[in-house]
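Only heavy atoms go into these numbers, but all of them, side chains included; no hydrogens, no water, no symmetry mates. Proteins come first, then strands; the chains are lettered A, B, ... in the order of their sequence lines, and each starts at number 1.
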Amino acid sequence: MEGESEKQTKCTLPNLGIRRDFFQNYYSAHGRSFPWREASASPFGILVAEILLKQTYAGKVANVWPSLIARYPSAGEMAAADPDELLKSVSELGFGNQRTSALLALSSAIRHTEEPLSVDPGDLIKLPYVGVYTAHAVACFAYGQRFPIVDLSIVRTISRVVGIRPPKDIRRATEVWNIAWSLLPWRRFKEHNYGLLDFAAAVCKPRSPSCIECPIAAKCAHGRHVTINVSESQHRRVDRL
DNA sequence: GTCCCGGTTT
DNA sequence: AAACCGGGAC
């Protein structure tokens, strides 16, 4: 993996012109804080959080995660949970049945596995309901490994910056994964990945991205486009960009 | 890599 | 009705 990372970072992908520490700095200044991001969160808790975060606002997950983990602190305890009770504790998030079966399958799969589960995404992905995104997220956030993460919001952000149309099947978008590797700093990559997620959620939003206030709009194909349209429609230059 | 699945959101 | 979202099947 060492060779691969090196190759990925050295090969000159389009230099996006974004500072390597931009997203870490964004995280320090504007990052969100969630209980599963605290140092006290266990790898199991982080894994559970990633399952709950699919299709769900993080703020809602924050309402149920602490009590859920307090009740089922380990895979063994969650695997032994009464399904109805587990369902109740996640039902306010929606997708109750899906999530309950995912949590049960996942927790019984790792019920007797010692920590660390694995620090290798290639192993983590073999777990039920763990795909490429979740495997990378756990490797990075739970085990401090240097791996990029690419979810839909990051595909959106990177595609806008580079000026490509988001690929059909967003999840195996090799080009975007390559760019995510090239953006990944060598230190504080956890903060970088959190920052990227938070930036995508708060600034580079799906519907009306805040290009006018965006600090990297000038480095972004979509941002430049929007900026030009704004200045034309207002018949004045937008000097700060 | 392409498509399907599921409940929720717009 | 369509988009969302990532896992899984093929």
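Between chain A and DNA chain C, the heavy-atom contact criterion of under 4.0 Å yields a 5' to 3' nucleotide range of C/dC4 to C/dA9.
Applying the side chain to side chain contact (heavy atoms under 4.5 Å, CB included) rule to A/Leu152 yields the partners A/Ile170; only residues at least two apart in sequence or on another chain are considered.
The residue among A/Tyr133 and A/Pro206 whose nearest nucleotide of DNA chain C lies closer to the 5′ end is A/Pro206.
For NZ of A/Lys205, the number of neighbouring non-hydrogen atoms (other residues, nucleotides, ligands) closer than 6.0 Å is greater than 12.
Side-chain contact between A/Phe141 and A/Glu50 is present, with heavy atoms from C-beta onward closer than 4.5 Å. Side-chain contact check for A/Ile158 versus A/Ile164: every heavy-atom pair is 4.5 Å or farther apart.
Under the 3.5 Å distance criterion, with hydrogens and angles disregarded, a donor-acceptor pair is assigned to the side chains of A/Ser153 and A/Asp151.
Taken residue by residue, residues 90-109 of chain A places heavy atoms nearer than 4.0 Å to DNA chain B at A/Gly94, A/Phe95, A/Gln98. Non-hydrogen atoms lying under 4.0 Å from DNA chain B are contributed by A/Tyr57, A/Lys60, all within residues 56-67 of chain A.
Pairs of residues two or more places apart, or lying in two chains, that qualify as ring-ring contact (aromatic ring centres under 6.0 Å, His included) and include a residue from residues 107-139 of chain A are A/His136-A/Phe147, A/His136-A/Trp177. Pairs of residues two or more places apart, or lying in two chains, that qualify as side-chain hydrogen bond (donor to acceptor under 3.5 Å, both in side chains) and include a residue from residues 98-107 of chain A are A/Thr56-A/Arg99.
When rounded to the nearest whole Å, the span between NZ of A/Lys54 and C1' of B/dC5 equals 14 Å.
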